[in-house]
Every structure is written in C-alpha cells, then in structure tokens.
Amino acid sequence: MLILHGYWLSLAAYRVRAALKLKGVAFEERMHDLSASHHNLPAFRALNPAGAVPALEGGTPEPLTQSLAILEWLEETYPATPLLPPDAAGRARVRSMFLLAAADTHPLAVPRVQKRLAAQFGADAAAGREWAAHWYREGLSAYEGLLHDGATRCHNETLSLADLALASHLIGAERFGVDVSAFPRVAAVGTSLFKLPEFESSHPQYQEGAVAP
Ligand SMILES: N[C@@H](CCC(=O)N[C@@H](CS)C(=O)NCC(=O)O)C(=O)O
C-alpha cells in the first residue's frame with residue numbers, strides 16, 4: 001500500500017492526492033501537522049531531509065519527495081488515465097504549466113518562507129499574506145496568458161498534470177484572498193476542474209485536521 005505523507009493545507013500534497021484518485025491507485029494518507037512543526041521532527045526528516053510534504057512511501061526503495069517527481073513516477077508506474085500528453089510538445093507545455101505553480105509561485109509562500117520573512121525582515125502576518133497574494137496574482141496572470149479562450153482544461157481539453165497544478169494554485173490564491181474573477185480563462189478552467197470529484201474531494205477543507213479559514 002502506498003502511503004502519502006501530507007498535511008491538510010499542503011498544496012503540493014493536494015496535487016499528489018488528486019492524481020492518486022484520478023488514477024484509481026489505493027493509498028493511505030498520514031498527516032503531519034506543519035503548524036506544530038512536525039515536519040521538522042527527526043522521524044519526518046528521515047523520510048524527507050528537506051522537511052516538506054508530500055512524501056510517498058511504499059512504491060520505491062526510498063521515499064519519493066517533490067510533487068512533480070512523485071507524479072512522474074506515478075505516471076510511469078500507473079499509465080492508465082494518463083496525465084501527460086502523447087506528444088513531446090504537449091508534454092513540455094504541460095510541464096511548463098505545472099512548474100508555473102509548483103516552482104515559480106507556491107515555494108514563495110510556504111511556511112518556511114513566511115517564517116523567514118518575519119524573522120529577517122520583520123514582516124507581520126498581514127505583510128506575509130500580501131507577499132503571498134502578490135505571487136499568486138503573478139501566477140494567475142501568467143496562466144491567463146497561457147490558457148485558450150473557452151478552455152475547460154489547461155491543455156487540449158484533456159486532464160493533465162497542469163490541471164492539478166492550476167487547481168492547487170487556485171486553492172492557494174483563495175487562501176490568500178486573491179480575486180480570481182479578474183482572470184476569466186483561469187476561473188473557467190477552475191470551475192470545470194472542481195466539478196470533478198477527485199479534484200473537489202482532495203481539497204484541503206475536506207482533509208483530516210482541516211481548520212476553517
Ligand atoms: N516543491 C515541493 C514543495 C514542498 C513544500 O514546500 N511543501 C510544503 C507544504 S505545501 C511544506 O511542507 N512546507 C514546510 C515548510 O515550509 O516549513 C513539491 O512540489 O513537493
């Protein structure tokens with residue numbers, strides 16, 4: 001059995017949780033309370049020395065970390081319900097849209113960065129929130145430019161890793177109070193994605209330990 005190490009609010013764990021459901025792969029999830037720094041306990045650091053969720057155990061000799069690496073492994077191991085397009089150009093476009101959220105936006109707003117902003121620059125909670133909102137708006141603007149008019153999916157009207165990333169980005173944007181209606185193509189794809197049970201049921205608000213905003 002695969003074990004997904006996550007946290008209710010983790011957007012990176014969200015991407016993996018939704019993919020496991022889309023692919024119909026059985027898994028158990030173990031939650032680690034980031035707000036209580038449980039990801040910095042020695043037992044968790046043994047799983048992921050970087051001290052971050054997600055980690056996926058049970059399918060490989062060592063735990064897998066980094067949502068993109070985990071998703072690429074899932075894709076190769078469980079090819080049914082493909083989440084990458086068949087063509088090289090399509091795969092490049094999907095990976096690019098995935099990284100827009102997972103590499104260019106999300107890491108700027110995670111707890112370790114928020115803590116550093118406070119410790120080094122004296123940023124209070126409101127400043128940290130606005131910092132995050134800024135980067136989420138930047139990401140939304142880029143997605144808006146990449147998506148096509150009338151689209152209900154990021155690429156070729158077929159579910160892909162890019163949709164997992166966009167959905168996680170939208171959850172983050174909402175969390176930091178960003179108005180998505182200014183980005184109509186993104187909003188349209190998001191509305192369509194969250195109608196899918198795998199996307200909706202994976203949402204942080206339905207996970208063990210979830211706290212109302
Ligand atoms: N690039 C990583 C991000 C991992 C990450 O930063 N996860 C966050 C939760 S979404 C975390 O565990 N943060 C701990 C911290 O910031 O202290 C991925 O996509 O898996």
Side-chain angles (χ1 to χ4, degrees), residues 2-20 22 27 29-60 62-75 83-84 94-121 123 125 127-129 131-133 135-136 139 143 154 160-176 178 199 202-211 213:
L2 294 178
I3 299 167
L4 172 62
H5 293 272
Y7 174 56
W8 70 272
L9 190 50
S10 165
L11 302 180
Y14 170 83
R15 299 190 274 268
V16 175
R17 185 184 304 124
L20 285 162
L22 284 170
F27 70 103
E29 187 160 359
R30 295 208 187 132
M31 298 299 187
H32 302 267
D33 187 353
L34 300 194
S35 71
S37 269
H38 288 178
H39 56 306
N40 291 319
L41 295 173
F44 187 82
R45 288 270 172 174
L47 269 176
N48 182 6
V53 293
L56 189 72
E57 241 190 322
T60 49
E62 294 186 6
L64 292 174
T65 60
Q66 293 287 349
S67 60
L68 181 58
I70 295 170
L71 291 167
E72 295 267 6
W73 176 81
L74 283 175
E75 187 67 8
L83 293 172
L84 281 171
V94 162
R95 288 181 176 121
S96 163
M97 282 199 255
F98 185 93
L99 290 168
L100 183 52
D104 290 3
T105 308
H106 169 236
L108 293 165
V110 291
R112 61 186 175 279
V113 170
Q114 297 277 354
K115 278 184 197 151
R116 193 71 204 164
L117 287 171
Q120 190 169 347
F121 304 109
R129 199 173 155 78
W131 162 273
W135 295 114
Y136 274 90
Y143 274 118
C154 284
S160 70
L161 299 187
D163 296 305
L164 295 169
L166 181 67
S168 73
H169 191 90
L170 285 168
I171 295 167
E174 187 184 16
R175 183 95 197 156
F176 291 111
V178 175
F199 280 69
S202 299
H203 193 288
Q205 67 184 330
Y206 303 122
Q207 309 313 309
E208 180 194 319
V211 174

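Each residue takes its place number in the sequence, starting with 1. All ligand and atom numbering here is 1-based and tracks the order in the structure. Everything numeric in this text was worked out from a predicted model, so none of it was measured.
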J.: Please check if the side chain of Tyr143 supplies one atom and the backbone of Met97 the other of a donor-acceptor pair under 3.5 Å.
T.: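 The answer is yes, because a donor-acceptor pair under 3.5 Å joins these two groups.
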J.: Sub-3.5 Å donor-acceptor pair from the side chain of Asp33 to the main-chain atoms of His38, do we have one?
T.: no
J.: Where is the tightest heavy-atom contact between Gln114 and Ala132, given as atom of each residue plus distance?
T.: NE2-CB, 3.7 Å
J.: With a 3.5 Å distance limit and no angle check, can you tell me whether Trp131 reaches the backbone of Leu108 through a side-chain donor-acceptor pair?
T.: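 Yes; at least one donor-acceptor contact below 3.5 Å.
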J.: Hey, which residues fall under 4.0 Å of ligand 1 on heavy atoms?
T.: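 The answer is Ser10, Leu11, Ala12, Arg15, Leu34, His39, Gly51, Ala52, Val53, Pro54, Gln66, Ser67, His106, Val110, Pro111, Arg112, counting any residue whose heavy atom sits under 4.0 Å from ligand 1.
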J.: Would a 4.5 Å heavy-atom cut-off, applied to side chains only, mark His106 and Arg15 as touching?
T.: yes
J.: Hey, does the side chain of Arg129 reach the backbone of Arg175 with a donor-acceptor pair shorter than 3.5 angstrom?
T.: yes
